[in-house]
Amino acid sequence: MKSFIKKLTDWYFSRDAIPYWCILFLDSFAVVLAGFIGLFLTKYEAFLTTELFWASTWGIFVNMFIFIIAFKLFHTYDCIIRYSTFHDLVNVTSATFLASVVAYGMSFLLPYLGVKSVMMLDIYGEFVLFVFSTLAMFVMRVTVKYLFEISRTDNHASNLFIYGVLEGGISLAKSVVNQDVKRFYLKGFVSPNGDFVGQKLLGVKVYANDDNLIDVMQENNVRVLMVSPIQTDHFREQQSLLTALTDAGIKIMVMHRAEEWDGKSPLSYERMHDVEIEDLLSRDKIEIDMQAIGQNLCRKRILITGAAGSIGSEMVRQIAPFKPSEMVLVDQAETPMHDMRLLMAEQYPGIKCYTIVGSITNQKFMETIFESHRPDYVLHAAAYKHVPMMEDNPAMAVQNNIVGTRIVADLAVKYRTSKFVMISTDKAVNPTNVMGCSKRICEIYCQSLNQAIIDGKVDGVTQFVTTRFGNVLGSNGSVIPLFREQIKNGGPVTVTNPEVVRYFMLIPEACKLVLEAGTMGHGGEIFVFDMGKPVKILNLAKRMIKLSGVKNVDIKFTGLREGEKLYEEVLNDAETTNPTVNPKIMIAQVREYDYETALENEERLLRASYTFGDMEIVRIMKEIVPEFRSNNSKYEVLDK
């Protein structure tokens, strides 16, 4: 019997919907059946007399005709029963009530019309008809909806709690309840602040966010906690709860940090994803007026170097919606550039976009680009960034990072680019490695060139702006993708030192701040970003292992790499900052360098780089940047 019902429901629900006349027929049948029940309860004698029985039967069919008209008025049979809502039930009730009232009125009208062969129900009979017909239609719809939900249930559907009881939690819960294929069963809400505890919302109980929460979830066999977007920041602060949930093996689902919810539009559970470590790093929300930025970029010619990298590609995505007149994307990585080419062609076909494969160190090649496109804005993100690689290849750090930046900067001046924004790094502050020092020298050159333009020593109009920030989550070669891969392979997870800490920022956040800093800058500034709280890498690794659910993954300490330091800094000891209109962006007050000296130093470095003599190259770098003190590196001998 059970298998027969299953086959029947599978057959029914495999159809788009049954015809509307089937629903009308079933509802009409319910009216007739309810009419006979009303007749039996109020006029039983009609069943004993043939004449009265047929007169009453004709009265029931008149009722049915009136009900059909009411069904038409309230569209009770236009809906798909399996998707019935409270609104549909209200329509059914309204239709049956109106029809019952009209039918009762007909009992007074028919005698005046001389109709004696039809006997209508009295007021008690009409009431019984109204109650039983409404109930029957309710039961039919609720039963079909229930069977549909059972038929579409995934065998692996999980019990679910939702963290948050305000608009976000309710909207999310409605999405879960109405999901097409049952992946989750809503079993309760968790109130972050104690509101509504003990009460019921959408038929399920609200629980307190206290020490008993994990026990309550386990008692209800709840394996998933979905966090309302409104409560995401609050949830991230609950470090003890996060630990308890991961220890209990409860999956956490949140909205992507790069996404935002307006608090009004419907919220789908499909926008939620399994929590990743990036989602749990506590950070204040960054407020950026992207529309104001867009007004400055609209109908402008934009050149982005390093456009295929983590930062460069995200800036492409953020700038393209503002409809610049032209985007020139330059990178020497062929395959990622091809991906950017496809992305722009698919998502922004109306923008003139040039994807160019080449190196910023090729002066003639870059000049051809500037001469052809004459960009209004240059966003310079191209650089070699991996610390150990640059420790072993200082000549390439000079030729690509330092000389490449100078080539692009000089061309921006020559072709009268309005603004040049350079992406720097927190490793440029008190550098302990070649990569960080190379970026500091780039900062020096751009800042001194900007001052030379102001002083009239160099003919130009370009405003040079530098932005500094730390590690970005998920960038190519960063620690989080490395840990994720190591965990996937069963470990060990390699941490250089148990005390090492780093600042982290999401790529979209960093790029928004870069664009705003570039917009607000007037030239010569070095903007530093509020990177939030530093994160201990060991704790990061432990949390990622717990979130993964993979058991017995060891952590192995490998020692600091060449040029690496325990703590990153954003400002030099001798530097101070001035605030800007955005509390997340500050202006560093740094030591100024003369342009002629900066240019001469770069020429010295370039000549040294052709010899590929590591020690001589780094010695000159240390002369240019006296605060450069090597750490855990062969170049430490130069500091003695």
Applying side chain to side chain contact (heavy atoms under 4.5 Å, CB included) between [X] and each of [options], report the one that passes.
X	options	answer
Val421	Thr519, Ile304, Val514	Val514
Arg440	Met621, Glu627, Met435	Glu627
Phe628	Val618, Thr432, Leu638	Val618

Do side-chain atoms of [X] reach the backbone of [Y] as a donor and acceptor pair under 3.5 angstrom?
X	Y	result
Ser609	Val398	no
Gln463	His522	yes
Asn393	Met396	no
Thr467	Met422	yes
Asp331	Ala333	yes
Thr611	Ala608	yes
Glu636	Asn632	yes
Gln363	Ile407	no
Thr417	Lys419	no
Glu525	Gly523	yes

When you compare the side chains of [X] and [Y], does any donor N or O come within less than 3.5 Å of an acceptor on the partner?
X	Y	value
Asn401	Ser438	yes
Tyr415	Glu367	yes
Glu443	Ser424	yes
Glu592	Ser448	no

For this session: For the pair Asn601 and Tyr593, evaluate side chain to side chain contact (heavy atoms under 4.5 Å, CB included) and give the outcome as yes or no after the intermediate values.
Result: CA-CA 11 Å; Asn601 286 335; Tyr593 288 77; 5.5 Å; no
Problem set entry | Within 6.0 angstrom of Met389 CE, more than 12 heavy atoms from elsewhere | no
Exercise. So with a 6.0 Å cut-off around CG of Asp455, is the heavy-atom count from everything else above 12?
Worked result: yes
Residues that [X] engages under side-chain hydrogen bond (donor to acceptor under 3.5 Å, both in side chains), provided they are two or more places apart:
X	value
Lys542	none
Thr580	none
Arg619	Glu616, Glu623
Asp459	none

Problem set entry | Verdict with reasoning, Phe464 to Leu449, per side chain to side chain contact (heavy atoms under 4.5 Å, CB included) | CA-CA 8 Å; Phe464 286 87; Leu449 179 55; 3.5 Å; yes
Please tabulate, for the side chains in residues 315-327, all donor-acceptor contacts under 3.5 angstrom to protein atoms that are two or more places apart in sequence or on a different chain.
from, atom 1, to, atom 2, distance (Å)
Arg317, NH1, Ser313, O, 3.4
Arg317, NH1, Ser313, OG, 3.4
Gln318, NE2, Glu314, OE2, 2.9
Gln318, NE2, Pro508, O, 3.1
Ser325, OG, Lys300, O, 3.3
Glu326, OE2, His373, ND1, 2.7

For this session: Please lay out, stage by stage, how Glu603 and Arg406 fare under the test salt bridge (Lys or Arg N to Asp or Glu O under 4.0 Å).
Result: CA-CA 10 Å; Glu603 291 291 346; Arg406 174 156 63 98; 3.2 Å; yes
Quick check: do [X] and [Y] have side-chain heavy atoms less than 4.5 Å from each other?
X	Y	value
Val495	Thr558	no
Met366	Val408	yes
Thr305	Leu379	no
Val465	Phe527	yes
Pro394	Tyr635	yes

Exercise. Under a 4.0 Å N-O cut-off, is there an ion pair linking Arg301 with Asp376?
Worked result: yes
Would you please name every residue forming a salt bridge (Lys or Arg N to Asp or Glu O under 4.0 Å) with [X], sequence neighbours left out?
X	answer
Asp639	Lys622
Lys634	Asp614
Lys536	Glu499
Lys457	Asp594

For this session: Any chance you could lay out the side chain to side chain contact (heavy atoms under 4.5 Å, CB included) test for Val387 and Lys427, step after step, and finish with the verdict?
Result: CA-CA 9 Å; Val387 169; Lys427 293 176 177 62; 3.8 Å; yes
Could you measure the distance from the [atom1] atom of [X] to the [atom2] atom of [Y]? Nearest 0.5 Å is fine.
X	Y	atom1	atom2	answer
Leu411	Ile369	CG	CD1	9.5 Å
Ile620	Ile617	CD1	CD1	7.5 Å
Ile526	Arg468	CD1	CZ	5.0 Å

For this session: Could you note down all residue pairs passing side chain to side chain donor-acceptor pair (under 3.5 Å) where residues 341-358 supplies at least one of them, sequence neighbours left out?
Result: Arg341-Thr355
For this session: Could you check Ile585 against Leu513 for side chain to side chain contact (heavy atoms under 4.5 Å, CB included), going step by step and ending with a plain yes or no?
Result: CA-CA 7 Å; Ile585 303 176; Leu513 290 173; 3.7 Å; yes
For this session: Please name all residues satisfying side-chain contact (heavy atoms from CB on, under 4.5 Å) with Pro498, sequence neighbours left out, ordered by chain then number.
Result: Leu538, Phe557
Closest heavy-atom pair and its distance - [X], [Y]:
X	Y	result
Val330	Gly358	CG1-O, 4.0 Å
Thr462	Phe420	CG2-CB, 3.9 Å
Arg416	Gly460	NH1-CA, 4.2 Å
Phe483	Ala541	CE1-CB, 3.8 Å

Problem set entry | Residue list, ring-ring contact (aromatic ring centres under 6.0 Å, His included) with Tyr445, at least two apart or on another chain | Tyr595
